[in-house]
Amino acid sequence: MGTTLSQDALNRALIERQMLRERADIGAFATIERLFGIQAQEPKSPYIGLWTRLENFQPQELEDLLISRYVVRILLMRGTIHLVSAQDALALRPHMQLRLDRELQSGPFAKRLRDLDLDAVAEAGRKILEDTPQGTADAGKQLKERWSDREHTVLGNALRNKLALVQLPPRGLWHKSGRAICTTMESWLDQEQHAMPRERLVRRYLKAFGPATVLDAQQWSGLTRLGEVFEQLRPELVTFRNEAGKELFDLPDAPRPDPETPVPVRLLPEFDNILLAHADRRRVIADDRLGVVIGGKPTVLVDGYVVATWSITKERRVTVDYIDQLDKSRQKAVAEECDRLQDWIEQN
């Protein structure tokens, strides 16, 4: 049956792999690859996610990676925007197509897309966006000249799902930003998509988020039938049980720290992957607090668990809204971390 890992043991393993126990002295690019991408629905959230994990991180480093095309903003896991390395984007995006196609068939636009040749729409949209990068709604207006009976927003949404579109700078920059102007990933990177083997995808997931169940991996990725992959990998993985008796898989040499390992206060941005990468998220946030994540609120970790949310006021001050009552020493530690973020924002 395997050793049972407590909730705290799973918490410490996740904290360690997500680089939240101590700030690392490595670059932003290496961190993005180690984390297997950073959730980037909010354009500036990756900057906070890197600041909270790295020593001496400066926004210009990530801006340079975006401008030089080493990293991209693209629709990936769970049908949301992620910041990933160019090579991971090329290797991950093919795995997401089936889910995105299903979304078109059953999502909010399904009725308005009925009887439409989506492949033809995608091919026409590809030519438009590769010729002149623009917003998908703008491209939809041009497509409407051919498909006059359809709304331009509906046509644009079809392109969002059917094509591998990257959001171009200045979208996602720290010092200035802009609306989502898109072109195809193949055009932007001058490379074709090449799906990584599912076995490698699962190993990368476990390295960043394990130990984990099959359902955890499926929750993170939005993929199905990963149980077959885990079974193929079983001889080279180790297994455990969580407190509910569910089987957990992991890489043999992955870190699994002592559950009593001290963890410092950490401020997380909106939708940080540590809060979204498992079907059972209790290893870092209680079920009755998931609303703060769904609502897109930045969160505060104390002793490895979500105990508060934070925000920036109009006066550019970092403030905290506590969910739990904390003793004075922990409140002081939270205040000190808020001051660090405050100073960093003011300097950048």
Side-chain angles (χ1 to χ4, degrees), residues 11 14-15 17-24 28 31-32 35-55 57-59 61-63 73 77-78 80-84 171-175 177 208-209 219-220 263-278 281-326 330-348:
N11 174 272
L14 182 59
I15 292 293
R17 297 181 206 193
Q18 284 290 299
M19 304 170 63
L20 292 167
R21 182 178 61 81
E22 60 180 358
R23 286 184 165 91
T31 301
I32 292 165
L35 299 177
F36 212 9
I38 297 178
Q39 220 282 353
Q41 186 169 327
E42 295 295 328
K44 295 188 185 300
S45 64
Y47 294 86
I48 304 299
L50 290 169
W51 167 81
T52 206
R53 289 171 166 92
L54 300 179
E55 287 280 4
F57 170 70
Q58 299 298 315
E61 182 181 2
L62 179 52
E63 289 189 327
R73 293 172 48 82
M77 286 73 77
R78 303 180 301 281
T80 58
I81 296 294
H82 278 70
L83 179 77
V84 295
R171 183 70 168 177
L173 300 185
W174 178 263
H175 294 103
S177 191
F209 298 104
Q219 161 63 28
W220 166 80
V263 177
V265 171
R266 290 288 183 252
L267 304 184
L268 301 180
E270 306 93 331
F271 307 112
D272 193 279
N273 270 353
I274 195 174
L275 306 172
L276 296 170
H278 301 85
R281 305 179 195 181
R282 290 175 298 171
R283 69 183 66 197
V284 68
I285 182 170
D287 286 340
D288 61 1
R289 296 175 184 181
L290 291 177
V292 304
V293 181
I294 297 169
K297 294 183 178 180
T299 51
V300 181
L301 297 183
V302 174
D303 296 330
Y305 293 92
V306 172
V307 300
T309 62
W310 64 272
S311 60
I312 300 176
T313 67
K314 293 180 180 179
E315 294 76 28
R316 307 291 291 172
R317 302 297 302 175
V318 178
T319 62
V320 174
D321 184 11
Y322 285 102
I323 302 170
D324 287 340
Q325 293 294 324
L326 302 184
R330 286 182 170 85
Q331 289 186 35
K332 180 181 178 182
V334 171
E336 289 172 347
E337 189 68 2
C338 289
D339 288 344
R340 292 188 191 99
L341 178 57
Q342 180 82 49
D343 292 344
W344 184 79
I345 290 173
E346 291 176 354
Q347 293 166 12
N348 291 285

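Values in this document were obtained by computation on a predicted structure and should not be read as measured data. For this chain, numbers begin at 1 and follow the sequence in order.
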Completion exercise
Taken in chain and number order and not counting sequence neighbours, the residues that satisfy ring-ring contact (aromatic ring centres under 6.0 Å, His included) with Tyr47 are Trp174
Exercise for the section: Might you confirm whether atom CD of Glu55 has over 12 heavy atoms from other residues, nucleotides or ligands at distances under 6.0 Å? Expected result: yes
Counting only N and O atoms by type, is there a donor-acceptor contact under 3.5 Å from the side chain of [X] to the main-chain atoms of [Y]?
{"X": "Arg78", "Y": "Trp220", "value": "yes"}
{"X": "Arg289", "Y": "Val306", "value": "yes"}
{"X": "Gln18", "Y": "Phe209", "value": "no"}
{"X": "Gln219", "Y": "His278", "value": "no"}

Handout entry: side-chain contact (heavy atoms from CB on, under 4.5 Å) assessment of Thr52 paired with Met19
Key = CA-CA 9 Å; Thr52 206; Met19 304 170 63; over 6 Å; no
Exercise for the section: Might you work through the side chain to side chain donor-acceptor pair (under 3.5 Å) test for Glu63 and His175, ending with a clear yes or no? Expected result: CA-CA 9 Å; Glu63 289 189 327; His175 294 103; 3.0 Å; yes
I need the [X] [atom1] to [Y] [atom2] distance, nearest 0.5 Å.
{"X": "Gln347", "Y": "Gln58", "atom1": "CD", "atom2": "CD", "answer": "7.5 Å"}
{"X": "Leu326", "Y": "Lys332", "atom1": "CG", "atom2": "NZ", "answer": "15.0 Å"}
{"X": "Gln342", "Y": "Ile312", "atom1": "CD", "atom2": "CD1", "answer": "7.5 Å"}
{"X": "Thr31", "Y": "Arg23", "atom1": "OG1", "atom2": "CZ", "answer": "12.0 Å"}
{"X": "Phe57", "Y": "Leu50", "atom1": "CZ", "atom2": "CG", "answer": "4.5 Å"}
{"X": "Tyr322", "Y": "Gln331", "atom1": "OH", "atom2": "CD", "answer": "5.0 Å"}

Problem - Glu42/Lys297 ion pair, N-O < 4.0 Å - result: no
Practice task
Could you tell me whether Asp288 and Arg282 make a salt bridge, using a distance below 4.0 angstrom between a side-chain N and a carboxylate O?
Solution key: no
Specify the closest pair of heavy atoms between [X] and [Y], including all atoms of both residues, with the distance to one decimal.
{"X": "Leu83", "Y": "Ala40", "result": "N-CB, 3.8 Å"}
{"X": "Ile15", "Y": "Arg21", "result": "CG2-N, 3.6 Å"}
{"X": "Arg266", "Y": "Leu20", "result": "NE-O, 3.1 Å"}
{"X": "Asn11", "Y": "Gly304", "result": "ND2-O, 2.6 Å"}
{"X": "Leu62", "Y": "Pro46", "result": "CD2-CB, 4.1 Å"}
{"X": "Asn273", "Y": "Gly37", "result": "ND2-O, 3.4 Å"}

Problem - Full working for side-chain contact (heavy atoms from CB on, under 4.5 Å) between Arg330 and Asp303 - result: CA-CA 9 Å; Arg330 286 182 170 85; Asp303 296 330; 2.9 Å; yes
Practice task
Give me the one residue out of Val307, Asp339, Val302 that meets side-chain contact (heavy atoms from CB on, under 4.5 Å) with Val334.
Solution key: Val302
Exercise for the section: Could you check Val263, Val284, Ile285 and say which one makes a side-chain contact (heavy atoms from CB on, under 4.5 Å) with Leu301? Expected result: Val284
Exercise for the section: Could you label the plane-to-plane angle of the Trp51 and Trp344 rings as parallel, tilted or perpendicular, counting under 30° as parallel and over 60° as perpendicular? Expected result: tilted
Exercise for the section: I would like to know whether Thr319 and Ser311 meet side chain to side chain donor-acceptor pair (under 3.5 Å); could you show each step before the answer? Expected result: CA-CA 5 Å; Thr319 62; Ser311 60; 3.3 Å; yes
Exercise for the section: Please check if any side-chain donor atom of Ser45 sits under 3.5 Å from a side-chain acceptor atom of Gln39, or the reverse. Expected result: no
With a 4.5 Å limit on heavy-atom distance, are the side chains of [X] and [Y] in contact?
{"X": "Ile274", "Y": "Leu268", "result": "yes"}
{"X": "Arg73", "Y": "Pro43", "result": "yes"}
{"X": "Thr309", "Y": "Pro298", "result": "no"}

Exercise for the section: Go through the steps to decide whether Asp321 and Trp310 satisfy the test side-chain contact (heavy atoms from CB on, under 4.5 Å), and finish with yes or no. Expected result: CA-CA 6 Å; Asp321 184 11; Trp310 64 272; over 6 Å; no
Exercise for the section: Could you list the residues that satisfy salt bridge (charged side-chain N to carboxylate O under 4.0 Å, His left out) with Arg53, not counting sequence neighbours? Expected result: Asp272
Exercise for the section: Verify side-chain contact (heavy atoms from CB on, under 4.5 Å) between Arg316 and Glu346, making sure each step is shown before the conclusion. Expected result: CA-CA 8 Å; Arg316 307 291 291 172; Glu346 291 176 354; over 6 Å; no
